[in-house]
A.B. asks: 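My structure is below; once you've seen it, I'll send some questions.
So you know, we letter chains A, B, ... as the sequences are listed, proteins then strands, and number each from 1.
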Amino acid sequence: MRVTSLHSWAVNPIQAVAIQKDLSERIDLRLPRDFSLRYVAGADVSVDRERERIYAAVVVLSVPDLMVVEIRQSAMPPEFPYVPGLLTFREGKVLAAAFEQVQTPCDLVVFDGQGLAHPRGLGIASHFGLLLGIPTVGVGKSKLVGDYGEPGPDKGSSSPLLYKGERVGTVLRTRRGVRPVFVSPGNRIDHASAVDVVLGTCTRYRLPEPTRQAHLEAGRLRSEK
DNA sequence: GCGACAG
DNA sequence: ATCTTGTCGC
């Protein structure tokens, strides 16, 4: 996959915020007219503070069978601290290196984190949506910003996530009884479609397969040796 | 000043 | 994110 160089990764928190404000203006929540989901990818990272190493994995699955068809990994020293709201600048560089190796023509990517549901409207899913040029969805295990009502207990139950008077995502129950996940559009996708993609890629676990598989692969890379 | 705070 | 086996509950 081609990762557009819209900016440097060698920045400080002040510059990172400026980049987010600038890029957020380019977010488009409209689904491409010719969109069809044949291959979906998932991305995630694992961090080893002891070895001072951050491991990334991008896994591609076919749709609708959800079989893993490609796995790409990358590792490097962390160069940016974890700061709520600036996650992309900690995980971005190593993730980009993994995406560059992907050969399968992916139609959409699911990220472990927020998309639109971010202080400046540019969570990791939105940011990479711009860098990759294809639809992206953010699926966070917890909330970063916004208010919501607890969704019902059944799988598929949801409630809108609101922030500053706007809808920024959906709090979605992906399995009966489990804690809900926070789904938000990255770029080039709407709220309803984002939820459809998540429900369509969830099997027997709380997290969708793309992200779940990526999480496992990042962990395996970290464990080898 | 106080509370919130993706991974 | 990460430290970590068994165990309580649907």
Side-chain angles (χ1 to χ4, degrees), chain A residues 9 13 16-17 19-20 23-24 27 42-59 73-96 98-99 109-131 136-148 152-155 157 161-164 168-187 194 198 204-208 210-224:
Chain A
W9 288 114
V17 168
I19 289 172
Q20 293 183 324
L23 296 182
S24 67
I27 295 299
D44 191 25
V45 308
S46 177
V47 182
D48 190 322
R49 303 186 67 174
E50 298 292 290
R51 299 180 179 179
E52 290 191 28
R53 216 65 188 170
I54 181 167
Y55 305 87
V58 171
V59 176
Q73 299 159 309
S74 174
M76 57 181 74
E79 303 174 338
F80 197 95
Y82 167 66
V83 179
L86 298 181
L87 177 66
T88 306
F89 290 88
R90 179 171 177 69
E91 310 186 339
K93 188 175 179 181
V94 68
L95 273 176
F99 275 117
V109 185
V110 181
F111 287 81
D112 193 331
Q114 315 299 324
L116 225 203
H118 174 278
R120 290 165 289 284
L122 200 85
I124 192 167
S126 304
H127 196 133
F128 267 89
L130 293 176
L131 298 181
T136 54
V137 173
V139 179
K141 297 183 291 300
S142 62
K143 186 193 76 173
L144 174 58
V145 298
D147 299 289
Y148 63 95
D154 295 330
K155 175 176 183 177
S157 292
L161 178 61
L162 278 33
Y163 182 56
K164 292 182 176 178
V168 296
T170 304
V171 184
L172 179 68
R173 194 85 65 186
T174 55
R175 266 201 83 181
R176 190 173 211 295
V178 304
R179 281 182 301 151
V181 295
F182 298 77
V183 180
S184 60
N187 188 41
V198 175
R204 71 186 65 168
Y205 304 91
R206 179 168 82 118
L207 300 178
T211 291
R212 202 178 76 77
Q213 291 298 333
H215 182 77
L216 291 174
E217 290 306 327
R220 284 169 189 153
L221 174 60
R222 171 184 172 171
S223 298
E224 54 181 62

A.B. asks: Tell me which residues in residues 121-129 of chain A lie within less than 4.0 Å of DNA chain C, going by non-hydrogen atoms.
C.D. replies: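 Heavy-atom cutoff 4.0 Å gives no residues at all.
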A.B. asks: What is the minimum heavy-atom distance between A:A125 and A:F111, and which atoms define it?
C.D. replies: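 For A:A125 and A:F111, the tightest heavy-atom pair comes out as CA-CD1, 3.8 Å.
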A.B. asks: If I take atom CD in residue A:E50 and atom P in nucleotide C:dA1, what distance separates them, rounded to the nearest angstrom?
C.D. replies: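 Rounded to whole Å, this separation is 17 Å.
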A.B. asks: Nearest whole Å is fine: how far is B:dA6 C1' from A:L116 CG?
C.D. replies: 14 Å
A.B. asks: For DNA chain C, whose closest nucleotide is more 5', that of A:R176 or that of A:R222?
C.D. replies: A:R222
A.B. asks: From CD of A:Q114 over to P of C:dA1, roughly how many Å is that when rounded to an integer?
C.D. replies: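 Value for this atom pair: 13 Å.
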A.B. asks: Any idea which heavy atoms bring A:D44 and A:A218 closest together, and the distance?
C.D. replies: O-CB, 3.9 Å
A.B. asks: Could you check whether any side-chain N or O of A:T136 sits under 3.5 Å from a backbone N or O of A:N187, counting only pairs where one atom can act as donor and the other as acceptor?
C.D. replies: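 Indeed, once roles are kept as given, a pair shorter than 3.5 Å links the two residues.
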A.B. asks: Could you say whether the aromatic ring of A:Y82 and the base of B:dG7 stack, counting only centre distances under 5.5 Å and plane angles under 30°?
C.D. replies: yes
A.B. asks: Using only atom types and a distance under 3.5 Å, with no angle test, would you say the side chain of A:Q114 pairs donor to acceptor with the backbone of A:G121?
C.D. replies: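 Here the side-chain-to-backbone pair does not exist.
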A.B. asks: Expressed in angstrom and rounded to an integer, what is the separation of A:H215 atom NE2 from B:dA6 atom C1'?
C.D. replies: 14 Å
A.B. asks: If you compare every side-chain N and O of A:S46 against the phosphate oxygens of C:dT2 (OP1, OP2), does one of them come in below 4.0 Å?
C.D. replies: yes
A.B. asks: A:T88 versus A:W9: any side-chain heavy-atom pair under 4.5 Å?
C.D. replies: yes
A.B. asks: Would you kindly give the CG-to-P distance between A:L161 and B:dA6, to the nearest whole Å?
C.D. replies: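 A:L161 atom CG is separated from B:dA6 atom P by 13 Å.
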A.B. asks: As a quick check of understanding, evaluate side chain to side chain contact (heavy atoms under 4.5 Å, CB included) for A:R173 and A:D154, giving each step before the final call.
C.D. replies: CA-CA 7 Å; A:R173 194 85 65 186; A:D154 295 330; over 6 Å; no
A.B. asks: So does A:P78 get a backbone contact from the side chain of A:R90, meaning a donor-acceptor N/O pair under 3.5 Å?
C.D. replies: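 Not at all, since once roles are kept as given, no pair shorter than 3.5 Å links the two residues.
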A.B. asks: Just by modelled atom types, is the A:G42 backbone N or O under 3.5 Å from a matching donor or acceptor in the A:Q213 side chain?
C.D. replies: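 No: the side chain of A:Q213 does not pair with the backbone of A:G42.
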A.B. asks: From the list B:dC5, C:dA1, B:dG7, which nucleotide is the closest neighbour of the side chain of A:L87?
C.D. replies: B:dG7
A.B. asks: May I ask you to say what A:G177 touches in the nucleic acid, namely base, sugar-phosphate or nothing, with a heavy-atom cut-off under 4.0 Å?
C.D. replies: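 Since no nucleic acid heavy atom lies under 4.0 Å of A:G177, the category is nothing.
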A.B. asks: Under 4.0 Å between a side-chain N/O of A:K143 and OP1 or OP2 of B:dC5, yes or no?
C.D. replies: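 Answer is yes, contact under 4.0 Å.
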A.B. asks: Please report the interatomic distance CZ(A:R212) to CD(A:E217), rounded to the nearest 0.5 Å.
C.D. replies: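 The CZ atom of A:R212 sits 11.0 Å away from the CD atom of A:E217.
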A.B. asks: Atom CG of A:L144 and atom C1' of B:dG3: how far apart are they, to the nearest Å?
C.D. replies: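 Interatomic distance, CG of A:L144 to C1' of B:dG3: 15 Å.
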A.B. asks: Quick check on B:dG7: is either OP1 or OP2 less than 4.0 Å from any side-chain nitrogen or oxygen of A:K141?
C.D. replies: yes
A.B. asks: How would you label the contact of A:D44 with the nucleic acid (heavy atoms, under 4.0 Å): base, sugar-phosphate, or nothing?
C.D. replies: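 Sugar-phosphate, no base atom in range.
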A.B. asks: Separation of A:H118 atom NE2 from B:dC5 atom P, in whole Å?
C.D. replies: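 Whole-Å distance recorded here is 14 Å.
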A.B. asks: Show the nearest heavy-atom pair for residues A:A75 and A:L221, with the distance to one decimal.
C.D. replies: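 The answer is CB-CD2, 4.4 Å.
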A.B. asks: Return the stems involving DNA chain C, sorted by first number, where pairs are Watson-Crick (N1-N3 with N6-O4 or O6-N4) or G-U wobble (N1-O2 and O6-N3), both under 3.5 Å, and runs are 3 or more long.
C.D. replies: none
A.B. asks: Rounding to a whole Å, what distance do you find between A:R53:CZ and C:dT2:P?
C.D. replies: 16 Å
